[in-house]
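Before any comments, here is the structure.
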There are 2 protein chains.
Amino acid sequence: MLPPAAGAKPLRADAARNRLKVLDAARAAFAQDGRDAQMDDIARRAGVGVGTVYRHFPTKESLAQAMVQQRFAQILAFIREELLVDPDPWNALRRSFEFCGSMQERDRGYAELVSSIAGSAALVGGGPIGPAAEQVEEMLALTEQLIARAHAAGVVRPDLAASDMPPFYAALASIVQAGVVDWHRYVEIVLDGLRARPAGRPG
Amino acid sequence: MLPPAAGAKPLRADAARNRLKVLDAARAAFAQDGRDAQMDDIARRAGVGVGTVYRHFPTKESLAQAMVQQRFAQILAFIREELLVDPDPWNALRRSFEFCGSMQERDRGYAELVSSIAGSAALVGGGPIGPAAEQVEEMLALTEQLIARAHAAGVVRPDLAASDMPPFYAALASIVQAGVVDWHRYVEIVLDGLRARPAGRPG
DNA sequence: ACCTGAACACCGTTCAAGT
DNA sequence: ACCTGAACACCGTTCAAGT
């Protein structure tokens, strides 16, 4: 979850412990109740007073943002360590969707947060709930590489830009969160739209 | 907004007037503030007491639902009267996306409501905010026809089912609501995914 | 320094009094 | 029948008192 910003003074031992307990409690609460999770409930789960929750996270939104950033960091790590080394660039693209989808499937809270602030905040970064600006930057950089590799292999439509991608991930969040069980079908059709076309259009 | 359910006794003149004022005020409030719109504000805009708002709509959610159903009714009418008579079935498909997208673009409230409850509620119908069950039924029926016409013309992938469509409309809501200005690009790529393919896959 | 939880503020909802 | 708006309930946030 973003190791406590580089220049920050280390927390007192009990404070550091509490911070982690709050994050765990919040993840559980958001995963279960989505944006309806209550601060008092999070405090209770964490075994601390509400005041302590607010000491570490000034608002409910900032807590939600911490959750999103944790998940986002996992996605970035996955792209870096798994997808960019996948020898098949097309398969890497497919896996990027499947990874996001199944993460959202496991964590209702995350999917709800992402889809409710999907674009403006999430894409621009630094919004009230979105990922951190640096995370967005890295996401764009990594996506550029994913797409560049796909272009080099000639497997995607020639006019495809990296900037085309974020809306599709956001849309996936929306669909998964909506409880559409067969979201893989959505992924398949979108992938077909991204694919290089052998010939001219029919019809 | 669904003319007041068939068997309902007619409202007293002033009540009927108030009901309309509340609906107008609510549309304006939701369009401006999305789900953050406040009931007191809606009452003030309508020039009535809060109690009156609650007399006509038992909860804030039911008011939101009335908004969604109003918009949904417009979409159904558009499909029935414009798209199903469009001589070009492919063009009809494209227009269905463009129509939804631009409606959502004009009404932030609608887009936010649709994307926040996109599927489970909206698709199943009768959810807390979704369209009415009958509307969902009609939507499915109309979509079947749109897709059937497209199949007859051979312009869409042979395995495309009408049930594949709703997630794409929901996803569009999510993207538009997120402030992605170039949502037409999304539509174009999805359409390419839906299109009939002339030959086998490359790669 | 950090923690606690009662108190406060805000907004959705109710209901006694009015016409 | 329907309207009004003060009062209530709930939950996010603050802060005085504690360790």
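In the text below, chain A, chain B and the rest are named by the order of the sequence lines, each starting its count at 1. Every value quoted in this text rests on a predicted model; they were computed, and no experiment measured them.
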What does the list of N/O pairs under 3.5 Å between the protein and nucleotides 3-5 of chain D look like, with a distance for each?
residue : atom : partner  : partner atom : Å
dC3(D)  : OP1  : Asn18(B) : ND2          : 2.3
dT4(D)  : OP2  : Gly49(B) : N            : 2.8
dT4(D)  : OP2  : Thr52(B) : OG1          : 2.6
dG5(D)  : O6   : Gly51(B) : N            : 3.3

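- Here dC11(C) presents its C1' atom at 15 Å from CG of Leu63(B), a figure rounded to the nearest Å.
- Taking the charged nitrogens against the carboxylate oxygens, Asp24(A) and Arg27(A) do have a contact shorter than 4.0 Å, which makes a salt bridge.
- Looking at His151(A), its side chain does come within 3.5 Å of a backbone N or O of Leu160(A) through a donor-acceptor pair.
- One atom, CG of Asp36(A), and another, P of dG12(C), lie 14 Å apart when rounded to the nearest Å.
- In this entry the distance linking CG of Asp33(B) with P of dC11(C) reads 11 Å, nearest Å.
- Between Asp40(A) atom CG and dA9(D) atom C1' there is a gap of 14 Å when expressed in whole angstrom units.
- Separating the OH atom of Tyr54(B) from the C1' atom of dC2(D) is a distance of 18 Å, rounded to the nearest angstrom.
- Look at Glu98(A) and Arg95(A) and you find no salt bridge, because none of the NZ, NE, NH1 or NH2 atoms lies under 4.0 Å from a carboxylate O.
- To the nearest angstrom, C1' of dT13(C) lies 13 Å from CD of Glu61(B).
- Within the nucleic acid shown, Ala13(A) has no heavy atom closer than 4.0 Å to any nucleic acid atom.
- Taking atom CZ of Phe57(B) as the reference point, atom P of dT14(C) lies 15 Å away to the nearest angstrom.
- Checked by atom type and distance alone, the side chain of Arg149(A) pairs as donor or acceptor with a backbone atom of Asp86(A) at under 3.5 Å.
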query: Which dot-bracket string describes DNA chain C (Watson-Crick N1-N3 plus N6-O4 or O6-N4, or G-U N1-O2 and O6-N3, all under 3.5 Å; [ ] crossing; | other strand)?
result: ||.|||||...|||||.||
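- Judged by distance alone, the side chain of Arg157(B) and the main-chain N or O of Arg197(B) form no donor-acceptor pair under 3.5 Å.
- Using a cutoff of 4.0 Å between basic side-chain nitrogens and carboxylate oxygens, Asp41(A) and Arg44(A) are scored as salt-bridged.
- The heavy-atom pair separating Val181(B) from Glu105(B) by the smallest distance is O-OE2, 4.5 Å.
- At whole-Å resolution of the value, NZ in Lys60(B) and C1' in dC10(D) are 14 Å apart.
- Phe97(A) pairs with exactly one of Phe78(A), Trp183(A), Tyr169(A) by the ring-ring contact (aromatic ring centres under 6.0 Å, His included) rule, that one being Tyr169(A).
- Residues Asp14(A) and Arg17(A) are not paired through a salt bridge, judged by the lack of any N-O separation under 4.0 Å between the basic side chain and the carboxylate.
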